[in-house]
Amino acid sequence: MTMNDNNEILTEIPPIHNSIDGIFVRNGYKKNFDFPIHRHSEYELNLLINADNSRRIIGDSISKVGGMEMVLLGPNLTHGWKKGECRNNNVYEITLQFVPEVFVDDYLIRFQLMNLHDLLHRSANGVAFGRRSILKFFKDIELLAEMDSGLERLLHLVSLFHKLSDQNDYTQIASPAFTCIPPTMSSRRITKVCRYINEHYSEPLKISVLGALINMTDSSFSRFFKIHTGTTPTEYITDIRLGAAARLLITNPFQPILEICYSCGFNNVSHFSRIFKQVKGMSPSEFRTQYLS
């Protein structure tokens, strides 16, 4: 990881201040495809073509890139790309950045643009679009790079994201606990339980206590939770704890793994290491080494 002298992740200041619409776009072919891990306060849509086997690092997710990919990143989400095993010296990239003020929550809700509201909320953890959306909107995104700064480009951006939000082929990248973003669920009762878990994951959590929060028996609560979240309460708690552990592995590079294990609610370091490797594909120490290398 590239850091400054204080061991902090680099903060990028995009040249958005040079535009009157709060949008910055660059595109072109790259031979040296390496972007150090950094963050910035703007949204970013990144589209790559011919970047097979390069490495993508977003939040606590480390993965290889396919032949083409498009990801949307929310403000202050850590991200970077490494050439890795990519042998192509002709990677095509479009990077689109825009200020959060382009989309205001109150207006999205007022105009009932809930799909767009939801997409932007999910981007706090990063979302990856499928091949269908990439092919469908590639020309629209490329057109933004050709347009001059101004109202026309701003309207094109809003229209593009309105259409992107209606797609259903995008998936979350980083874990919720890594970004500390409060969950939003259709059920207020589930939201209440999830918020409680997010605030108390470092403590022992019993199904009976969680069910009591919304006046439900253990079995009824477990079924209710699975219906609304697609996962069991135990699996959700484990995901939250793993995300928190990944965040500590990155932000506290000298904190002992044993200490991280217990501070995130795990009571057995071997169990923690086994679950971490099962989910992340590598041990906690390997994850830290790859992220910080």
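Counting from 1, the numbers follow the sequence of the chain as shown.
- Here the side chain of Ser123 pairs no donor or acceptor atom with the backbone of Gly126 at under 3.5 angstrom.
- Proximity of a side-chain donor or acceptor of Arg247 to a complementary backbone N or O of Gly59 within less than 3.5 Å is not detected.
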> Could you go step by step and tell me if His271 and Arg274 meet the side chain to side chain donor-acceptor pair (under 3.5 Å) rule?
Replying inline: CA-CA 5 Å; His271 172 71; Arg274 185 172 64 255; 3.2 Å; yes
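- Ion pair Glu93/Arg26 flagged as a salt bridge, since at least one NZ, NE, NH1 or NH2 atom sits closer than 4.0 Å to an Asp/Glu carboxylate oxygen.
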>> Please determine whether side chain to side chain contact (heavy atoms under 4.5 Å, CB included) holds for the pair Asn46 and Leu48, giving the CA-CA distance in whole Å, both sets of side-chain angles, and the decisive distance to 0.1 Å.
In response: CA-CA 7 Å; Asn46 195 282; Leu48 298 173; 3.5 Å; yes
>> Pair Phe161, Phe137 - check ring pair (Phe, Tyr, Trp, His ring centres under 6.0 Å), show working.
In response: CA-CA 10 Å; Phe161 273 84; Phe137 298 107; 9.7 Å; no
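- In this structure, the side chains of Gln97 and Glu12 come closer than 4.5 Å at one or more pairs of heavy atoms.
- In this structure, the separation between CG on Leu45 and CG on Leu160 is 7.0 Å, given to the nearest 0.5 Å.
- In this structure, the separation between CG on Leu144 and CG on Asn27 is 10.5 Å, given to the nearest 0.5 Å.
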>> Before you tell me yes or no, could you show the steps for Thr229 and Thr231 under side chain to side chain donor-acceptor pair (under 3.5 Å), namely the whole-Å CA-CA distance, both residues' side-chain angles and the distance that decides it to 0.1 Å?
In response: CA-CA 5 Å; Thr229 66; Thr231 185; 5.4 Å; no
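- At distances below 3.5 Å, at least one donor-acceptor pair connects side-chain atoms of Asp21 with backbone N or O atoms of Gly150.
- The closest donor-acceptor contact from the side chain of Lys192 to the backbone of Ile214 lies at 3.5 Å or more, if one exists at all.
- Using a 30° and 60° split on the angle between ring planes, His40 and His79 fall in the perpendicular class, above 60°.
- Taking 4.5 Å as the limit, some side-chain heavy atom of Ser219 sits within range of a side-chain heavy atom of Arg223.
- Here SG of Cys264 is found 10.0 Å from CD of Glu259. Values are rounded to the nearest 0.5 Å.
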>> Under the criterion side chain to side chain donor-acceptor pair (under 3.5 Å), I'd like the reasoning laid out for Asn88 against Lys30: C-alpha separation, chi angles, the key distance, then a yes or no.
In response: CA-CA 9 Å; Asn88 197 322; Lys30 290 185 174 292; over 6 Å; no
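- Side-chain atoms of Glu44 and Thr95, non-hydrogen and from C-beta on, do get closer than 4.5 Å to each other.
- Side chain of Asp169 to backbone of Ser133: a donor-acceptor contact under 3.5 angstrom is found.
- Counting heavy atoms from C-beta outward, Arg122 and Thr171 have side chains that stay 4.5 Å or more apart.
- We find the SG-CD1 distance between Cys194 and Ile240 to be 7.5 Å, quoted to the nearest 0.5 Å.
- Judged by distance alone, the side chains of Asn168 and Arg132 do bring a donor and an acceptor atom under 3.5 Å apart.
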>> With side chain to side chain contact (heavy atoms under 4.5 Å, CB included) as the criterion, how do Val209 and Tyr196 come out once you've worked through the C-alpha distance, each side chain's angles and the decisive distance to 0.1 Å?
In response: CA-CA 10 Å; Val209 173; Tyr196 182 88; 4.2 Å; yes
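- Here the side chain of Arg153 pairs no donor or acceptor atom with the backbone of Leu151 at under 3.5 angstrom.
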> Phe225 and Tyr236: ring pair (Phe, Tyr, Trp, His ring centres under 6.0 Å), yes or no, with the steps?
Replying inline: CA-CA 10 Å; Phe225 192 93; Tyr236 182 85; 5.6 Å; yes
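- For the pair Phe224 and Ile190, the minimum side-chain heavy-atom distance is below 4.5 Å.
- Between Tyr92 and Tyr29, the ring-plane angle classifies as tilted under the 30° and 60° cut-offs.
- Residue Glu152 qualifies as open at atom CD: its count of foreign heavy atoms under 6.0 Å is 12 or below.
- The CG atom of Leu154 sits 9.5 Å away from atom CE of Met147, with the distance rounded to the nearest 0.5 Å.
- Remark: the backbone N or O of Ile16 is paired with a side-chain donor or acceptor of Ser19 at under 3.5 angstrom.
- Between Asp60 and Lys280 there is a salt bridge, with a side-chain nitrogen of the basic residue lying less than 4.0 Å from a carboxylate oxygen of the acidic one.
- Hydrophobic clustering (ILVMFWY, side-chain heavy atoms < 4.5 Å, transitive): Val193 and Ile227 are in distinct clusters.
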> Could you walk me through whether Glu85 and Arg55 pass the salt bridge (Lys or Arg N to Asp or Glu O under 4.0 Å) check?
Replying inline: CA-CA 8 Å; Glu85 299 174 8; Arg55 190 167 290 263; 5.1 Å; no
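- The two residues Ser175 and Gly243 make their nearest non-hydrogen contact at OG-CA, 3.2 Å.
- Judged by distance alone, the side chain of Gln172 and the main-chain N or O of Ala174 form a donor-acceptor pair under 3.5 Å.
- Salt-bridge formation is detected for the pair Lys163/Asp140: a Lys NZ or Arg NE/NH1/NH2 atom is positioned less than 4.0 Å from an Asp or Glu carboxylate oxygen.
- The shortest distance between side-chain heavy atoms of Ile57 and Ile62 falls below 4.5 Å.
- In this structure, Phe266 and Phe272 have tilted ring planes: the angle between them lies in the 30° to 60° band.
- By the 4.0 Å N-to-carboxylate-O rule, Glu69 lies close enough to Arg56 to be salt-bridged with it.
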> Could you go step by step and tell me if Ile197 and Leu210 meet the side chain to side chain contact (heavy atoms under 4.5 Å, CB included) rule?
Replying inline: CA-CA 8 Å; Ile197 294 172; Leu210 299 178; 4.0 Å; yes
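- Judged by distance alone, with hydrogens and angles left aside, the side-chain atoms of His117 form no donor-acceptor pair with the main-chain N or O of Asn115 at under 3.5 Å.
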>> side chain to side chain donor-acceptor pair (under 3.5 Å) for Thr217 and Ser220? Distances and angles first, verdict last.
In response: CA-CA 5 Å; Thr217 64; Ser220 296; 3.0 Å; yes
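- A donor-acceptor pair is defined here as one N or O able to donate and one able to accept, closer than 3.5 Å; such a pair exists between the side chain of Glu286 and the backbone of Ser283.
- Looking at Ile58 and Thr78, their side chains never come closer than 4.5 Å, going by heavy atoms from C-beta outward.
- Rounded to the nearest 0.5 Å, atoms CD1 (Ile207) and OG1 (Thr234) are 4.5 Å apart.
- In the displayed structure, Glu203 atom CD is contacted under 6.0 Å by more than 12 heavy atoms of other residues, nucleotides or ligands.
- Two residues are said to be in side-chain contact when any heavy atoms from C-beta on lie closer than 4.5 Å; Ser202 and Ser263 fail this criterion.
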